[in-house]
Every structure is written in structure tokens, then in C-alpha cells.
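Just so it is clear: chains get the letters A, B, ... in the order the sequence lines come, proteins before strands, and each one is counted from 1. Excluded from the calculations below are hydrogen atoms, water molecules and symmetry mates; all remaining heavy atoms, backbone and side chain alike, are included.
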Number of protein chains: 2
Amino acid sequence: MTAEPVTAPDQRHAGGRRPGENTTRAEILAAARTCFAERGYDATSVRRIADAAGVDQSLVHHFYKTKENLFLSALEVPVKMPDAIAGAVPGDRAGLGERVVRAHLGLWADLSVSPQMLIMLRSAAINSQAGEVLREFAAESMRAALADVVTGETAGLRVVLISSSLMGLAMARFVLELEPVASASVDEIAAELGPALQTYFDPPDEP
Amino acid sequence: MTAEPVTAPDQRHAGGRRPGENTTRAEILAAARTCFAERGYDATSVRRIADAAGVDQSLVHHFYKTKENLFLSALEVPVKMPDAIAGAVPGDRAGLGERVVRAHLGLWADLSVSPQMLIMLRSAAINSQAGEVLREFAAESMRAALADVVTGETAGLRVVLISSSLMGLAMARFVLELEPVASASVDEIAAELGPALQTYFDPPDEP
DNA sequence: GTCTATAAATAGATAGAC
DNA sequence: GTCTATCTATTTATAGAC
């Protein structure tokens with residue numbers, strides 16, 4: 001009952017070279033992002049990624065050599081992430097907390113970066129490489145983005161506490177899917193978390 | 001509440017055989033806690049736990065049957081966790097934020113509960129059972145402990161945001177070991193995070 | 001209670017045909 | 001570029017001797 005596989009019903013590139021940039025490599029990467037984001041590094045087998053991409057397992061190795069290397073490619077953080085936070089800085093000082101929360105949630109709504117963020121968050125606790133990438137983002141990138149507005153003796157600590165709060169929010173909302181924060185609107189979260197973050201911009205012991 | 005029989009140290013049975021409640025079972029559990037806390041569920045093999053306990057692999061199965069069952073035992077959260085947060089409630093309202101932070105960090109300093117908390121936090125992003133335990137603690141237990149002091153229309157959301165902040169702090173300090181929050185003193189953290197949490201107890205739009 | 005030995009499944013990775 | 005077939009290592013788990 002399976003119809004004859006009709007060997008490649010023509011599509012010859014007579015004479016011409018370059019079968020064109022093949023999309024298989026990109027499809028494998030996309031499938032890997034989905035799988036890693038859903039299950040993390042260990043629980044995702046190369047075979048599963050291959051199935052999700054509709055290709056053979058050995059093709060994954062052909063393109064990315066090792067699983068670890070593929071994971072690093074899947075994890076690659078777009079440059080726009082730190083920029084998005086920095087973009088929340090300009091404006092009135094009283095609204096800083098809210099704008100930072102909205103900028104952060106805006107990244108999670110951006111499908112070109114949110115899979116990588118989910119991979120990072122879901123794997124950081126176990127995988128040392130994901131942990132390093134998250135550390136870099138939560139510390140250095142945040143510090144650079146907020147250097148002008150978080151000042152004072154304890155600025156270093158306060159920047160990381162801002163990162164921690166946003167990390168906790170993301171864990172609750174996107175990883176644990178904890179209610180009611182998982183299905184709350186951006187407005188509702190910004191209205192509550194914004195003022196909390198604001199205390200780091202206006203430290204109570206500032207002269 | 002399965003309440004492990006916690007081998008009473010003494011309780012001799014004169015003449016009888018019974019080499020007494022053997023400590024091997026407890027040693028395996030302790031080794032499992034250490035390993036799971038360090039590496040998470042997937043990366044911890046039964047063999048590694050057995051080695052850490054100084055016993056054979058098959059003994060682990062003999063006592064705990066399956067790896068998953070052992071993990072659940074290792075994860076078992078002491079009842080005192082919610083109580084510790086509730087214990088921070090009495091006192092002047094202005095100091096609530098700080099007291100909650102100190103209560104939370106006090107739990108992490110308690111060696112009878114911190115391994116379980118680390119297991120939970122490190123595995124929750126990947127392991128559904130650990131995730132469920134963490135959800136239960138971050139939502140229900142927190143809500144019960146703070147019901148009297150977090151009030152108003154958005155109380156449900158604000159309780160979970162408090163949980164999220166504490167979760168983010170624990171991730172940064174104990175899992176990622178992110179500086180400077182990893183080596184900051186309890187006083188320093190309480191001084192900065194306390195006022196941020198305080199905004200949830202005194203919502204700006206309260207009548 | 002504690003060990004040896006091993007079953008049974010699955011993992012990542014490679015070789016080579018087409 | 002894509003597939004089939006397979007190697008090797010490691011996993012959880014069990015059976016059975018002592």
C-alpha cells in the first residue's frame with residue numbers, strides 16, 4: 001500500500017552548481033531550540049532533535065559535530081537583549097522600575113529571542129555553560145545597561161538584585177508557570193513589580 | 001506525609017538479632033541529597049550516589065527501589081519551611097520586608113533544610129516533580145504564611161511576586177553564585193532587598 | 001544486608017554507501 | 001547531502017550467591 005517512493009521526481013540542476021543554501025542546517029537548529037527549551041540539555045537526545053527536524057540523526061552530527069556544540073549554537077544570545085534593557089533607561093526617574101519590567105517582558109514576547117532565554121533559564125541550574133551565559137547577562141550586561149541610573153556605594157549589589165528579581169519573575173511565569181503570575185497581564189505585573197524595582201533606583205539611604 | 005522513621009539512635013533489643021536499624025539507608029539518603037543538590041536529577045547516576053555513600057549500587061535499589069523514588073525522598077521538604085516565613089510576620093509593619101528576607105536566608109543557613117531547597121531549585125526547571133513541590137511552596141505555603149499582611153485586590157499576585165523575588169535571590173546566590181550577591185552578608189542583602197519587598201506589604205494604591 | 005554478575009535499554013558518535 | 005548500519009559506553013534495574 002505504500003506507494004512507490006518515486007525516486008526524486010526530477011529537480012535536477014542541470015549544469016548549474018550550488019543546490020542553493022540548504023535550509024536543513026537551520027531547520028535542525030530551530031528544532032534544537034524547541035527541544036532544549038522544553039526539556040533542557042540532558043533530557044533532550046540528539047535523536048529527538050533529528051525527529052523534530054524530520055531528518056536523520058547522523059545529519060545532526062554532520063552539521064554540528066557534537067551535541068554540546070549544537071547546544072551552544074542554540075543558546076547563542078542575540079545582541080539585542082542588553083540593548084532592550086538599556087532602552088528603558090531614558091525617561092523620568094520615577095517610571096524607571098516599570099519601564100525595566102516592561103522591557104524585560106518585551107524580550108520574552110519577542111520570538112526571536114525568547115527561545116534562547118528559555119533554554120538559558122531552564123538549563124542554567126544544571127549546565128555550566130548555560131550558567132555562564134546567564135551569569136554574564138545578569139551581571140555584566142545588566143550593569144552596563146543600568147550604570148547611569150543605579151548609583152551609590154552598593155550599586156553593584158543592587159544591579160544584581162534587579163537581575164535576580166527579573167530572573168525570579170521569569171522562572172515563575174515562564175518555567176514554573178505559577179499562577180496568578182503566569183497569566184497576569186504585562187500591565188498588572190508592571191504595576192506591582194515596577195515599584196519594587198524602583199527602590200533600587202532610589203535607595204532609601206541616598207543623601 | 002510519609003515521615004521517614006528517622007532511626008532512633010538507641011533503642012536496644014537485648015538478645016535479639018537485628019543488628020539494629022542499620023544506618024546504611026540513611027547514609028544513602030544523605031549521599032543522594034548531596035549529589036542531587038550538586039548536579040540535579042539527570043546528571044546524578046545511581047552509581048555515583050552509591051559511591052558517595054560507600055556502598056554498592058544494588059543496595060541503593062534494595063532500599064529505595066527506583067531512582068525516582070529515591071529522588072522524592074531526597075526532595076522531601078521539612079515542615080518547618082513555611083513556619084519560618086510565618087514566623088517573620090509578627091512585629092512592626094515597616095520591618096516586614098527585612099524580616100521576611102532574613103527568615104528566608106535563615107532557612108538557607110539551616111543545614112537540615114538547605115540541601116532539600118537546593119535540590120528543589122536546581123531541578124525544578126527540568127524535573128516535573130521538583131517543579132510541583134516548588135510551586136506548592138512558592139504559592140500555597142507562602143500565601144498561607146503571609147495572608148494576614150498581604151491584602152488588597154492584587155494580594156494573590158503580590159504574594160507570588162514575593163516568592164519570585166526570593167526565588168531569584170536564591171538562584172543568584174546559591175545556584176549561579178553570582179557576585180556580589182553570592183558573598184554579600186545577610187545584613188547587606190536584607191538592607192537592599194527588604195525595602196523592595198516592603199512595597200508589596202504597603203501597596204502604593206492602598207486607600 | 002551486602003555483594004557479583006548481568007540484563008535491557010538508550011545514549012552519543014562514526015564509517016561508508018549512494 | 002542524506003541515508004543505513006553499527007560501535008562503544010553508560011544507564012537503570014534485577015537475579016541470585018553468600
Side-chain angles (χ1 to χ4, degrees), chain A residues 2 4-14 16-32 35-36 38-75 123 126-129, chain B residues 4-5 7 13 16-32 35-36 38-75 123 126-129:
Chain A
T2 47
E4 193 77 5
V6 190
T7 43
D10 265 40
Q11 227 266 353
R12 291 288 165 249
H13 36 60
R17 266 284 46 78
R18 311 293 329 229
E21 277 304 316
N22 205 313
T23 64
T24 304
R25 186 188 171 92
E27 282 166 12
I28 290 173
L29 183 61
C35 293
F36 284 137
E38 281 174 354
R39 298 177 182 74
Y41 183 83
D42 286 313
T44 300
S45 69
V46 175
R47 280 175 168 83
R48 182 189 287 275
I49 294 171
D51 285 352
V55 302
D56 189 86
Q57 180 212 195
S58 59
L59 263 193
V60 178
H61 283 106
H62 179 267
F63 282 117
Y64 291 94
K65 206 62 188 171
T66 68
K67 178 185 178 181
E68 186 180 338
N69 184 49
L70 172 57
F71 181 71
L72 284 181
S73 299
L75 189 58
S123 305
I126 296 299
N127 187 284
S128 62
Q129 310 198 313
Chain B
E4 197 74 5
T7 50
H13 36 61
R17 252 302 16 91
R18 309 297 326 243
E21 277 303 317
N22 205 313
T23 64
T24 303
R25 186 187 172 93
E27 281 165 14
I28 290 172
L29 183 61
C35 292
F36 284 138
E38 282 174 354
R39 299 175 180 75
Y41 183 84
D42 287 314
T44 300
S45 69
V46 175
R47 277 176 169 83
R48 182 189 288 275
I49 294 171
D51 285 352
V55 301
D56 188 87
Q57 179 212 197
S58 59
L59 264 193
V60 178
H61 284 107
H62 179 262
F63 283 117
Y64 291 94
K65 206 63 188 169
T66 68
K67 179 185 178 182
E68 185 179 336
N69 184 49
L70 173 57
F71 181 71
L72 284 181
S73 299
L75 189 59
S123 304
I126 296 300
N127 186 283
S128 63
Q129 310 199 314

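Crowding of Arg48(A) atom CZ: a count of heavy atoms from other residues, nucleotides or ligands under 6.0 Å not exceeding 12.
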Compile the donor-acceptor pairs under 3.5 Å between side chains in residues 67-74 of chain A and protein atoms, sequence neighbours left out, one pair per line.
from     : atom 1 : to        : atom 2 : distance (Å)
Lys67(A) : NZ     : Tyr41(A)  : O      : 3.1
Lys67(A) : NZ     : Thr44(A)  : O      : 2.8
Glu68(A) : OE2    : Gln129(A) : NE2    : 3.0
Asn69(A) : ND2    : Tyr64(A)  : O      : 3.0
Ser73(A) : OG     : Asn69(A)  : O      : 3.2

Residues 50-57 of chain B, side-chain donor-acceptor partners within the protein, below 3.5 Å, at least two apart:
from     : atom 1 : to       : atom 2 : distance (Å)
Asp56(B) : OD2    : Ser58(B) : N      : 2.8
Asp56(B) : OD2    : Ser58(B) : OG     : 2.8

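For the pair Ile28(B) CD1 and dC3(C) C1', the computed distance is 13 Å after rounding to whole Å. Going from atom CG of Asp51(A) over to atom C1' of dT10(C) covers 14 Å, rounded to whole Å. Note: OH (Tyr64(A)) to P (dG12(C)) measures 17 Å, nearest angstrom. Atom NZ in Lys65(A) sits roughly 8 Å away from atom C1' in dT14(C) (whole-Å rounding). Taking atom NZ of Lys67(B) as the reference point, atom P of dA8(C) lies 21 Å away to the nearest angstrom. Going from atom CG of Asn69(B) over to atom C1' of dT12(D) covers 14 Å, rounded to whole Å.
In terms of heavy-atom proximity, Ile49(B) sits nearest to Ala31(B) at O-CB, 3.8 Å.
Here dA11(C) is the nucleotide among dA11(C), dT12(D), dA13(C) with the atom lying nearest to any side-chain atom of Ser45(A). Of the candidate nucleotides dT2(C), dT12(D), dG12(C), dG12(C) has the atom lying nearest to any side-chain atom of Arg47(A).
Rounding to the nearest 0.5 Å gives a distance of 12.0 Å between CG of Leu29(A) and OG1 of Thr23(A).
Take Glu38(B) and apply the side-chain hydrogen bond (donor to acceptor under 3.5 Å, both in side chains) test, not counting sequence neighbours, and it matches no residue. Ala43(B) pairs by the side-chain contact (heavy atoms from CB on, under 4.5 Å) definition with Asp42(A), Arg39(B), not counting sequence neighbours.
For dT2(C), the OP1/OP2 oxygens have a side-chain nitrogen or oxygen of Thr24(B) closer than 4.0 Å.
Taking every heavy atom of residues 53-63 of chain A and every atom of DNA chain C, pairs under 4.0 Å involve Gln57(A), Ser58(A), His61(A), by number.
With a cut-off of 3.5 Å on both pairing distances, the Watson-Crick and G-U wobble pairs of DNA chain C assemble into stems of 3 or more at C:1-10 with D:9-18, C:12-18 with D:1-7.
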